[in-house]
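Comments concern the structure below.
None of these values were measured; they are calculated from a predicted model. Atoms within each ligand, like the ligands themselves, are counted from 1 in listed order.
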Amino acid sequence: MRLRLPEERPAEPPTGYKIAHPVLSQDGTRAGFTGVSLGGALPYGALADASCVYGLRHRAPHRRCDCGFHCVHDRATAEGLLCTGEHRAAVLLDVTVLGAYIRFELGFRYARQRVRVATVGPCACGAVAVALADAGWGRPGWRGLAAACAGCVHGRTSVSLAGFARLAGDGLRVVAGSGHGVVAGVGHGVVAGAGLRPGVAHGLGVPELVAEAALLQARLDWFQSRLAGLEERGTDNRPKG
Ligand SMILES: [Zn+2]
Ligand SMILES: [Zn+2]
């Protein structure tokens, strides 16, 4: 006897939430995400198809496997995952579930995904993030990124939130959260990258430009302090006599 799950034919694709680490390609031209547990080795873009993480020759999600993208129905459930120590630097993703899916009590396992919004938490110091900066870990060909404020970004490899959205493409929006579960539209939020295409700057609003300016200023300050340090050393090393 074969049990069949009832088939659903929703008018609109379902949506859900998940957490992931933002990643930047080695050459800095592509941006994406990597899962926090299963499938964490395979970075994915803003619009992506799942493949079996075990390399099995079936379509993900397969009923007798646990492959495929995963998400939960409730934003609060996904936000709860960000409380654990190892997930503090992860970002919250708002996703559209595309293609075949398997519904669970808490969420979906599915074939194709569009990440619509990435909400970046505060910098480790507590200030609102203006950038995603090298987090000191990675996968072959990909650097892991974490939220950084203008004061903490220093000379690390980093991209602004709008820059990350541009590199990821496919209409991704990147939003700075305040760290209290608050997102864009509540005053602290910086909405970036909505509908941006590479090379198109006029899509940037005031909050995005303020965030970009803060990042540029922080980088300039860091560069000038390094330069001042080098000049001092240069003076000391000058041959005497
Ligand atoms: Zn599988
Ligand atoms: Zn900071």
Side-chain angles (χ1 to χ4, degrees), residues 5 18 20-22 24 34-44 48-71 82 85 87-92 97-104 107-113 118-137 143-164 174-183 187-190 192 207-208 210-226:
L5 290 167
K18 66 195 294 175
H21 291 291
L24 183 68
T34 185
V36 294
S37 53
L38 185 77
L42 304 167
Y44 53 85
D49 291 292
S51 55
C52 180
V53 285
Y54 305 104
L56 298 174
R57 292 174 165 275
H58 56 220
R59 282 190 178 202
H62 193 271
R63 277 197 299 161
R64 282 188 289 274
C65 193
D66 55 5
C67 58
F69 288 121
H70 293 67
C71 74
L82 292 172
H87 299 155
R88 284 288 167 99
V91 299
L92 180 76
V97 172
L98 302 167
Y101 62 78
I102 297 170
R103 179 192 283 275
F104 294 96
F108 298 103
R109 185 155 66 83
Y110 51 102
R112 188 170 163 80
Q113 164 178 283
T119 303
V120 178
C123 176
C125 78
V128 173
V130 298
L132 288 164
D134 192 345
W137 60 271
R143 283 175 213 267
L145 303 177
C149 74
C152 296
V153 67
H154 300 303
R156 278 184 287 165
T157 297
S158 63
V159 283
S160 67
L161 302 188
F164 185 90
V174 182
V175 171
S178 74
H180 305 291
V182 183
V183 271
H188 305 72
V190 176
E208 293 93 324
V210 168
E212 294 271 334
L215 181 60
L216 285 173
Q217 187 61 54
R219 282 177 154 165
L220 190 61
D221 288 347
W222 177 85
F223 180 74
Q224 282 176 333
S225 70
R226 288 291 302 260

* **Angle, SG of C149 through the Zn ion (ligand 2) to SG of C125 - 10° precision** => 110°
* To do: Just to the nearest 10 degrees, tell me the angle at the Zn ion (ligand 2) spanned by C123 SG and C152 SG.
  => 110°
* Angle subtended at the Zn ion (ligand 1) by SG of C67 and SG of C52, to 10 degrees? -> 120°
* Asked: Can you check whether R64's main-chain N or O pairs, donor with acceptor, with H62's side chain at less than 3.5 Å?
  -> yes
* Asked: Between the side chain of H70 and the main-chain N/O of G68, is any donor-acceptor distance below 3.5 Å?
  -> yes
* Structure fact -> For R156 and A148, the nearest pair of non-hydrogen atoms, with its separation, is NH2-CB, 3.7 Å
* Asked: Aromatic ring centroids of F69 and Y44 under 6.0 Å?
  -> yes
* Do any N/O/S atoms of H62 come under 2.8 Å of the Zn ion (ligand 1)? -> no
